[in-house]
Amino acid sequence: MLLRMSTLFLRTLREDPADAEVPSHRLLVRAGYVRRAAPGGYTWLPLGRLVLDRVTDVIRQEMLAIGDQEVLFPALLPREPYETSGRWTEYGDDIFTLKDRRGADHLLGPTHEEMFTLLVRDTFTSYRDFPVSLFQIQTKFRDEARPRGGLLRGREFLMKDAYSFDLDEAGLRAAYDRHRAAYQRIFDRLGLDYTIVSAVSGAMGGSVSEEFLAASPVGEDTFVGCTACDYAANTEAVTTPPPPARDAHSHPPAETHDTPETPTIESLVEVANARRLAGRDDWTAADTLKNVVVSVRRPGAAEPELLVVGVPGDREVDLKRLGAALSPATVTLYDWSGHTPGLVRGYIGPQVLAGLGIRYLVDPRVAPGTAWLTGANEPGRHATNVVCGRDFTPDGTVEAAEVRAGDPCPACPNGTLVMRRGIEIGHVFQLGRRYTDVFQVDVAGPDGRPVRPIMGCYGIGVSRVVAAIAEQHHDERGLVWPAAVAPCDVHLVAAGRGPQTEAASQLGAELAARGLRVLLDDRTHVSAGVKFADAELIGIPRVVVVGRRWADGYVELRDRATGDRVELTVSDLVERLGEPTREPALAR
RNA sequence: CGGGACGUGGCGCAGCUUGGUAGCGCACUUGACUGGGGGUCAAGGGGUCGUCGGUUCAAAUCCGGCCGUCCCGACCA
């Protein structure tokens, strides 16, 4: 393949586009790979299309290698299957819907669980047909509230979605492991630095789900890692090791104190120290027990339930974590505009909750036998030595407190947690029978009795992967593609006004004949400086300059990642280009 | 959905306060020079100033609605 820049549909930009904030967006637009065409929608220009195709090829190869078979569904789908699965309404505003000329409802597919399930149900009817795994690489549509970061989160994006169908749990686990391993091969080949995190907290039980997160400061997902072991998890899935239980009766009795004007933890700690409560002047927020009132609405329930959550006062309640822990119920902060009998805002203590019939869940740090400074359920009053298991008994523990860097690792004895950010590039999920139940997929088993298949689903955001690679592989001058996804293998620059352009053109043809993908900068009336700058912006791993030493029989080979330059004869160059390139260092 | 900033040739920006024939840089065209790090000179082409409405003799400029973009948060995964 030989691409000539003199005719290539490309215009690089000297300045950053004003609407681009993140590096991948900035550079992909500046270097002429993509261009915004619509809110959350991007046009792939020739160079970008090449990169996208190479990424797609890697994904397709690895999916086929594990025996998945490729299909392609329409993006325009009828309402009924999504109505049946409940997602027509559940997905809500995030789904693009439209009516046809007869007034019938349709949607633009946000993912295709329903369609795959129906396809398998209508095609395979015997246990002998299973297991089977299908995938497609297709444009998806989601009416994102806020598209951002160019390709990172669009309203239209390319996704690989795969679905496995097995007859039993063991089969599902095998399919899951197979896809997980394929994903590792894919992202390794694509040169991505990624972490696999558990996505769902164990508190839920049930389905297993892991996310592949590409490390990046612009990532939207926060996850935690361990300093000592390879533990990694979404913040929702982090568990808190409880402190050892203590004897509840080793503490002095609870005592109530006047603490006027102390509705916040900060003001309470200040007053507690000033008044030397319980003889101490070293009170900190961590000694206090903060009680937060939330409303919990269960699906189908008419009235939300009132719930009080107790966490150490130096921590906020993380509503995302609490929500995940109580899922499928939804959680909102309690709206105090409706007065609640029995609860004194700012001075809530757990001592009275049982009597009021209000459920009380605590952070695992609020272990039996721990003593706290907490509210006394009277305005301007707090109590010391309020002991868990003696003065109050929680209805259970809940992972609701925020996770912080430095917290102990739940998986090993010595590690502490660090907060990291990542771009979600892949997701593997043991779906279970949600969809086969809904669509009543039953196949004949060996004994003639119906068997209901069990599903897994596995997604990769293909266009987002391109952005993630760009995020991890660039420097201040431009993109630095890994060889596996670069639009070309060699960027051949003709520098000089002599015979170099013709010579470079012949060399380019020769390299292309040997199977290399060549981008040839054969533009005349463009200075060498401009060509070098463009080459660095475009980011092809190896740049060959046919320039002033051509007359002596030499060309220059540059390594885009390292900046190394060597002068070589053409025959040495041809030999050298046959060798694999070193992968560029990660830009972080 | 809430808060903030913004919308002027393909790209980056000025002009708006104080209303009066739309400007700069990049890119593009032509010519000359230059030719290994975004070169120089000269001459050009291209914009209903996001959109709709209002005020005014007159609106890029003042006022309002809507649309869009970016950032923060919520939501989503």
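Chain naming here is simple, since letters A, B, ... match the order of the sequence lines and numbering starts at 1 in each. From a predicted model like this one, the values you see are computed outputs, not experimental measurements.
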According to the Watson-Crick and G-U wobble definitions, with both distances under 3.5 Å, which nucleotide is paired to [N]?
N: B:G45; value: none
N: B:C1; value: B:G73
N: B:U21; value: none
N: B:U61; value: none
N: B:A14; value: none
N: B:U56; value: none
N: B:G68; value: B:C6
N: B:U40; value: B:A32

Identify whether the distance between the nearest side-chain nitrogen and carboxylate oxygen of [X] and [Y] falls below 4.0 Å.
X: A:R404; Y: A:D318; answer: no
X: A:D489; Y: A:R542; answer: no
X: A:R87; Y: A:E113; answer: yes

With heavy-atom distances below 4.5 Å as the criterion, would you say the side chains of [X] and [Y] are in contact?
X: A:D161; Y: A:K140; value: yes
X: A:L361; Y: A:L326; value: yes
X: A:V398; Y: A:D363; value: no

In whole angstrom, what separates [X]'s [atom1] from [N]'s [atom2]?
X: A:R30; N: B:A27; atom1: CZ; atom2: P; result: 13 Å
X: A:E220; N: B:C71; atom1: CD; atom2: P; result: 10 Å
X: A:R497; N: B:U40; atom1: CZ; atom2: C1'; result: 15 Å
X: A:D16; N: B:C6; atom1: CG; atom2: C1'; result: 17 Å
X: A:L537; N: B:C26; atom1: CG; atom2: P; result: 18 Å
X: A:D19; N: B:C67; atom1: CG; atom2: C1'; result: 16 Å
X: A:E211; N: B:C76; atom1: CD; atom2: P; result: 13 Å
X: A:E113; N: B:A77; atom1: CD; atom2: C1'; result: 12 Å

Could you give the distance separating [M] and [N] at their [atom1] atoms, to the nearest angstrom?
N: B:U18; M: B:A59; atom1: C1'; result: 14 Å
N: B:G64; M: B:G45; atom1: P; result: 39 Å
N: B:A58; M: B:G4; atom1: C1'; result: 34 Å
N: B:G15; M: B:U61; atom1: C1'; result: 9 Å

Please classify the nucleic acid contact of [X] as base, sugar-phosphate, or nothing, using heavy-atom distances under 4.0 Å.
X: A:G547; value: base
X: A:H427; value: sugar-phosphate
X: A:E424; value: base
X: A:A533; value: base
X: A:V545; value: base
X: A:K140; value: nothing
X: A:R35; value: sugar-phosphate
X: A:Q500; value: nothing

Closest to the [X] side chain: [options]?
X: A:R477; options: B:C11, B:C70, B:G37; value: B:G37
X: A:A528; options: B:G25, B:C71, B:G36; value: B:G36
X: A:R148; options: B:A77, B:G35, B:C72; value: B:C72
X: A:P17; options: B:C11, B:G39, B:G36; value: B:C11
X: A:T12; options: B:G37, B:C76, B:G38; value: B:G38
X: A:P39; options: B:G35, B:C71, B:G68; value: B:G68

For this session: Establish whether the base of B:G37 is bridged to the side chain of A:R558 by a donor-acceptor pair shorter than 3.5 Å.
Result: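 Check passes, donor-acceptor contact within cut-off.
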For this session: Kindly indicate whether the side chain of A:R565 and the base of B:G37 share any N or O donor-acceptor pair separated by less than 3.5 Å?
Result: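 Pair found.
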Problem set entry | ring-ring contact (aromatic ring centres under 6.0 Å, His included) assessment of A:F73 paired with A:F116 | CA-CA 9 Å; A:F73 280 92; A:F116 275 87; 4.6 Å; yes
Just the table, please: protein N/O against nucleotides 7-9 of chain B N/O, every pair under 3.5 Å.
none

For this session: Report yes if at least one side-chain N or O of A:R146 is closer than 4.0 Å to OP1 or OP2 of B:U69; otherwise report no.
Result: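 No.
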Exercise. Does A:R153 have a side-chain nitrogen or oxygen under 4.0 Å from the phosphate oxygens OP1 or OP2 of B:C76?
Worked result: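 For A:R153, the contact criterion (side-chain N or O under 4.0 Å from OP1 or OP2 of B:C76) is not met.
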